[in-house]
Amino acid sequence: MSRSRQPPLVTGISPNEGIPWTKVTIRGENLGTGPTDLIGLTICGHNCLLTAEWMSASKIVCRVGQAKNDKGDIIVTTKSGGRGTSTVSFKLLKPEKIGILDQSAVWVDEMNYYDMRTDRNKGIPPLSLRPANPLGIEIEKCKLPQKNLEVLFHGMSADFTSENFSAAWYLIENHSNTSFEQLKMAVTNLKRQANKKSEGSLAYVKGGLSTFFEAQDALSAIHQKLEADGTEKVEGSMTQKLENVLNRASNTADTLFQEVLGRKDKADSTRNALNVLQRFKFLFNLPLNIKRNIQKGDYDVVINDYEKAKSLFGKTEVQVFKKYYAEVEAGIEDLRELLLKKLLETPSTLHDQKRYIRYLSDLHAPGDPAWQCIGAQHKWTLKLMQDCKEGHVKSLKGNPGPHSPMLDLDNDARPSVLGHLSQTASLKRGSSFQSGRDDTWRYKTPHRVAFVEKLTKLVLSQLPNFWKLWISYVNGSLFSETAEKSGQIERSKNVRQRQNDFKKMIQEVMHSLVKLIRGALLPFSLREGDGRQYGGWEVQAELSGQWLAHVIQTIRLTYESLTALEIPNDMLQIIQDLILDLRIRCIMVTLQHTAEEIKRLAEKEDWIVDNEGLTSLPCQFEQSIVHSLQSLKGVVDCKPGEASVFQQPKTQEEVCQLCISIMQVFIYCLEQLSTKPDADIDTTHLSVDVSSPDLFGSIHEDFGLTSEQRLLIVLSNCCYLERHTFLNIAEHFEKHNFQGIEKITQVSMASLKELDQRLFENYIELKADPIVGSLETGIYAGYFDWKDCLPPAGVRNYLKEALVNIIAVHAEVFTISKELVPRVLARVIEAVSEELSRLMQCVSSFSRNGALQARLEICALRDTVAIYLTPESRSSFKQALEALPQLASGADKNCLLKIPRYCCKWCLSPGPGGRQAKSS
């Protein structure tokens, strides 16, 4: 048989799992051309064709039947396409036990109804079955757990046939999402049902009319037989006589023995009462014993007696026992209140808390005392933290003291954790370390640092017991075996909810701890609304970097202690964030403080020059930065679980700018020193290294420091900074994992070179301009004329004077730094040669003697300073010679050679700086 269509293909089913008789929608391709074309439908091996409803060629609706397989394919068979296939499967779930008010697609055996609330099977006749929907509107089941509703409506029931029926519970459970309009319709339905209540009996009779007819016939037959006998109302019948005799006999007996029987009954009652008192004296004495034992604190005895009395008389129907047992219950209720009050008192030890919780669990106290204790401990911890802050703030406002805002760690004694940071600094600061940590240390600690130490100590003293109490609550070790067996302690009742609540408590404590510390140390990081609660520190001074490092160490130890309690890391992440912010702030403050220290280095310049032409300033600068970086080593280094302080680009940029600013501050100090007026220079201690040659024998006796000498000293320091100090500092930055070192070095070097060049130009201007200015006046002194002059007999005095001035410059520079001599003299000679070339080029004409004189002087000057000539100065001398007339004959050359060059002889002769100049 050929098929004209493709086989059916099932590509989807909704829902894809369910219990038997669940209504499903099947979708796919080629599912038949019509209802008659569909000849087979199986789900999980069960034939569902009887419930199938063909909707279209791509949709079929049916109900899943009872199947043996838990999971299987959906197979559709049609006449036109034959047996199909499936790309999806259906999972068959086991049917749950269904209550009478629950919706179900499965037929429920109502003769054996299963009540989920009481967990018992109840046989209920069909006529007494409760309606599934008394309100007559659609039921929408609530997603709240049944146990939560039982706690919310304690002692009530959602069963509308129960005596303790709660309408609110029923509405929450079945109509939590129902609109108000639908609820109004439900009210109308209830009113309609009430109006038809009278008609219900008639309808019930109509439904069972034949049964009523049969009962009526039976009653009529009995009545007819009684009437036919006729003995029930005949006076004097045997039945009537027997009844009269028995009544008289009973009355006579009662009259004869009434007094005797009464005394007997009274004696028996007294005897029985005495026996009861003796037998049940435990119960009768128990109320008084309970009060006495409570006063003594023997709670274990009270609990044992109560358990015994409860097992014996808890369900008694004897009134006297009920009366005394009620007194026992009243005493036990007082004990519960007393124990609960003691449990919630703070402060309290963990041992006492566990003991009171165990007592309350044995006494079956209502609610959850253990959880109430956890909540009270949480509130107590938060209150202690807030009171700690308020106390320190009031102390700061009431008695700030000279050291309260901030302790200057450079001038005062320090704690042991910080005491070794600066012992190798200068001698001025080293004297403060002679005395150890004395009794005045606490008064010298800043209030905010003392607050952080006390706050963390407080948290570490409270939180471990708080955490252990929770662990004991979760694992059940708080409760006795008797309480667990009694069924009163349901630890698993709301475990997940309790865990979430406790997590919120821990997070609240951590947030409060972090915000209080931020309010004291990082107030700018708090939200606007948190400033009043967690801030309030009216201090102007910023904590120093050393104190911030001390605080970071304290918080790190706190974090390690909390981690040791096995508190989850996600709850402690906020502390890690605080540590990171404090580390960044510590770095910023330390670098800013370093910049301030370096700014004051100019005041410490002693102008004592060593044999390399350096003062102590570059070394002090480098030591200051190294000291700061060493103090930051513990802050920059990452502890386990901590992030790098330089992970954020913004932090990298800020730290880089601060480092650049430190370098530029020192460069500015050098510039200020170079331009400082002479009156501001303290030269009483100025000296020169005895190992450095003195070209002038000795400077003035009072050793006054000129501005030119200061320029030379600063220039010498600049050269050393460029070659050594800045490179060493870059290595220290790299050693301590700072970022952007290349940028720091480049910007600092550029600023230093700019200052060096500017100071060098100023010095050249001070020294070269007088020499250059004296050339023109010296050349034309005495109305000298190149056109009319005597034959040359040697160099003139102006040239000798210029050479003496150059030698003086040489001596001054060599005294400060011999490395600067070539650079300075080369530039001075460039200026002199350029001016000499200009003057020669300005002469209109030379006589023969004038040309010889000019050539003699130019060559004498050039040969004398030949060691310091540069390409520029050589070019200037060449241009000057080219401006002169050429020698006409060999006689002129011989004449020039015969002229003694007294300038050169004078330069080689002994004198102030002469021999040193020649040797150089």
- Query: Which class fits the ring pair His732 and His736: parallel under 30°, tilted 30 to 60°, perpendicular over 60°?
  - Reply: tilted
Of all the heavy-atom pairs spanning [X] and [Y], show the shortest one and how long it is.
X	Y	answer
Ala854	Phe846	CB-CE2, 4.1 Å
Val589	Gly545	CG1-N, 3.8 Å
Trp786	Glu857	CH2-OE1, 4.0 Å
Val824	Ile764	O-CD1, 3.8 Å
Val449	Trp547	CG1-CE3, 3.8 Å
Leu752	Cys718	CD2-O, 3.7 Å

Practice problem: Kindly check if the number of other-residue, nucleotide or ligand heavy atoms within 6.0 Å of CZ (Phe646) is above 12? | Solution: yes
Open item on the list: Tell me whether Glu834 at atom CD has more than 12 heavy atoms from other residues, nucleotides or ligands lying less than 6.0 Å away.
Closed with: no
Any [X] side-chain heavy atom under 4.5 Å of [Y] side chain:
X	Y	answer
Cys586	Leu632	yes
Lys599	Tyr668	no
Leu673	Leu617	yes
Leu591	Val655	yes
Phe621	Phe726	yes
Met840	Glu882	no
Ser716	Thr615	no
Cys656	Ile744	yes

Whether the side chain of [X] engages the backbone of [Y] through a donor-acceptor N/O pair (distance < 3.5 Å, no angle test) should be reported.
X	Y	answer
Arg855	Pro885	yes
Ser624	Gln620	no
Gln879	Arg874	no
Asn805	Glu801	yes
Arg796	Gly778	no
Ser833	Glu830	yes
Ser875	Pro871	no
Thr594	Thr590	yes
Ser873	Thr870	yes
Arg583	Val635	yes

| task | Using the side chain to side chain donor-acceptor pair (under 3.5 Å) rule, take Gln592 and Glu596 through it: C-alpha gap first, then chi angles, then the decisive distance, then the call. | result | CA-CA 6 Å; Gln592 292 172 359; Glu596 293 296 327; over 6 Å; no
Taken in chain and number order and not counting sequence neighbours, the residues that satisfy ring pair (Phe, Tyr, Trp, His ring centres under 6.0 Å) with His724 are Tyr720
*State plainly whether the residues Lys743 and Glu653 are in salt-bridge range, i.e. N to O under 4.0 Å.*
yes
Before accepting this row, confirm whether a basic side-chain N of the pair Arg838/Glu835 lies closer than 4.0 Å to the acidic partner's carboxylate O.
-> yes
Assess whether side chain to side chain contact (heavy atoms under 4.5 Å, CB included) is satisfied between Ser774 and Tyr798, documenting all intermediate values. CA-CA 8 Å; Ser774 65; Tyr798 83 91; over 6 Å; no
side-chain contact (heavy atoms from CB on, under 4.5 Å) test vs Glu642 passes for just one of Asp637, Ile579, Leu580, namely Ile579
**OP:** Would you please test Leu884 and Ile858 for side chain to side chain contact (heavy atoms under 4.5 Å, CB included) and show each step?
**Re:** CA-CA 10 Å; Leu884 301 177; Ile858 293 173; 3.9 Å; yes
Measure the [atom1]-[atom2] distance between [X] and [Y] for me, rounded to the nearest 0.5 Å.
X	Y	atom1	atom2	answer
Arg758	Asn762	CZ	CG	8.0 Å
Ile829	Thr864	CD1	OG1	9.5 Å
Leu712	Asn717	CG	CG	11.0 Å
Gln853	Ile779	CD	CD1	10.5 Å
Ile660	Ser751	CD1	OG	8.5 Å
Asn728	Glu622	CG	CD	4.5 Å

inquiry  = Under the criterion side chain to side chain contact (heavy atoms under 4.5 Å, CB included), I'd like the reasoning laid out for Cys719 against Asp756: C-alpha separation, chi angles, the key distance, then a yes or no.
reply    = CA-CA 8 Å; Cys719 293; Asp756 177 84; 4.1 Å; yes
Discussion item. Between Ser631 and Gln546, do the side chains contain a donor N or O and an acceptor N or O under 3.5 Å apart?
Written reply: no
task = Could you walk me through whether Leu881 and Cys859 pass the side chain to side chain contact (heavy atoms under 4.5 Å, CB included) test, one step at a time?
result = CA-CA 8 Å; Leu881 291 174; Cys859 291; 4.2 Å; yes
By salt bridge (Lys or Arg N to Asp or Glu O under 4.0 Å), Glu742 pairs with (sequence neighbours left out) none
- Query: Does Phe760 have Arg823 sitting over its ring (NZ/CZ under 6.0 Å from centre, angle to axis within 45°)?
  - Reply: yes
